[in-house]
Amino acid sequence: MRPVTKITPPPHYQVPATQKFAALKGGVINPVNYVFQVHNNTPIQTTAILEKMQSYSQNPPAKKTVDAEAFRLMKVRMYGIYGSSRRDLIDNFGQYCNFCGLPVYDSSLAVEHTLPKDQFPIVCVDYNNFLLVCPVCNSKKGSRPTYADGVAWSGVPHPTLAQVRDAAFANFMWATLKEAYRGFYPTFLVKPVGQGNWTALPPNYAFYLQNSFIETSGQEVIASIFDGNQLQRVAVMAFVNPNNNVSDNMLKLIGQNDFNPNAPELSDRRILNLTKTWLAVLEALKGFEIAVGTGNQTIIDTFFNQLKSMASAKGFYYMWIFILQYFTANTNMKTLVTEFVQKTANNTYFPGTNTAEIP
Ligand SMILES: [Zn+2]
């Protein structure tokens with residue numbers, strides 16, 4: 001996962017300090033105003049509305065009551081606000097999913113509530129609670145973690161709302177944590193085309209520069225992969241693994257590994273594209289290694305720019321770092337990964353990258 005630094009306060013996103021609710025048809029008092037015991041169109045503090053929504057979500061009002069209707073109207077109003085944060089989030093993080101790393105076209109990126117809005121309405125318009133995600137991660141995550149999860153994880157008998165929120169947040173590896181890169185590592189699997197079991201590829205086979213993408217066939221990515229002696233036409237897969245419990249929770253939250261690697265359904269385009277990205281890294285590196293061999297700085301720069309551009313187009317930042325790190329350690333390209341990290345942490349390539357703990 002690519003760790004990111006969130007720019008706060010956001011340059012454009014704003015939440016009005018107060019809300020006014022107009023009379024219903026015929027001058028009838030708006031249920032929200034009734035609940036707050038104010039006249040129609042009286043400004044009500046937004047924070048008071050959010051607190052009321054939180055209490056309703058924990059103790060849902062009975063159906064067809066004034067409280068139920070007031071809660072509905074508050075949701076309509078407050079849920080209409082957060083969407084306008086999307087522009088600031090895209091400017092900050094670029095057009096990538098903050099969970100899986102998939103490059104996603106602008107209009108398909110959704111504002112994600114890390115603590116879900118129906119469980120934690122108290123933070124439904126709070127910019128600190130927002131990330132940007134792809135449609136797959138968004139639907140897989142749904143309304144988790146729940147308030148009940150937070151209560152259970154807080155470890156105290158009668159937790160305060162703040163304790164529940166903190167516990168719900170602390171159990172997952174979010175992209176805004178500087179440790180996010182170290183939380184995950186890919187493994188590389190191979191099996192005969194259309195049959196058989198997956199086996200792990202050692203790095204020196206997985207990162208053999210003559211490996212190459214062949215095609216996507218049905219649900220399988222087919223590639224030409226080094227087997228220790230020669231290149232073989234096989235099915236391949238890149239799998240994401242957790243380094244710790246909170247990373248494991250994160251992968252489960254977004255259903256990243258919702259399939260059995262021995263009976264995979266690669267229809268999940270996150271895994272499909274991650275797998276193709278592995279092979280794209282090798283392709284970019286093959287060109288770069290040749291350029292390095294020429295010793296000509298102009299050629300080296302040209303190929304390095306190509307490598308950065310391909311990374312930006314293919315996404316899955318951590319896959320690039322993981323493989324470049326291997327080449328940095330095992331070849332004479334000793335500055336490769338650090339140069340890549342430093343020169344892509346900008347608006348041209350990967351906006352908002354927090355480079356603090358990336359190798
Ligand atoms: Zn995603």
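Order of listing sets the numbers, starting from 1, for every ligand and every atom in it.
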Open item on the list: Suppose we screen for ring pair (Phe, Tyr, Trp, His ring centres under 6.0 Å). Which residues come up paired with Tyr13, at least two apart in sequence or across chains?
Closed with: Tyr127, Phe130

Open item on the list: Just to be careful: counting only protein atoms that are N, O or S, how many fall under 2.8 Å of the Zn ion (ligand 1)?
Closed with: 4

Task: NZ/NE/NH1/NH2 to OD/OE distance under 4.0 Å, Glu69 and Arg72 - done: yes

Open item on the list: Per the salt bridge (charged side-chain N to carboxylate O under 4.0 Å, His left out) rule, what does the pair list look like for residues 337-347, sequence neighbours excluded?
Closed with: Glu339-Lys343

Open item on the list: Closer than 4.0 angstrom, basic N to acidic O: yes or no for Arg87 and Asp106?
Closed with: yes

Only pairs under 3.5 Å count here: list side-chain donor-acceptor contacts from residues 312-319, not counting sequence neighbours, and write none if there are none.
from	atom 1	to	atom 2	distance (Å)
Ser312	OG	Tyr96	OH	3.4

- [ ] Please report the shortest heavy-atom distance between Ala206 and Leu282, naming the atom on each side.
- [x] O-CD1, 3.4 Å

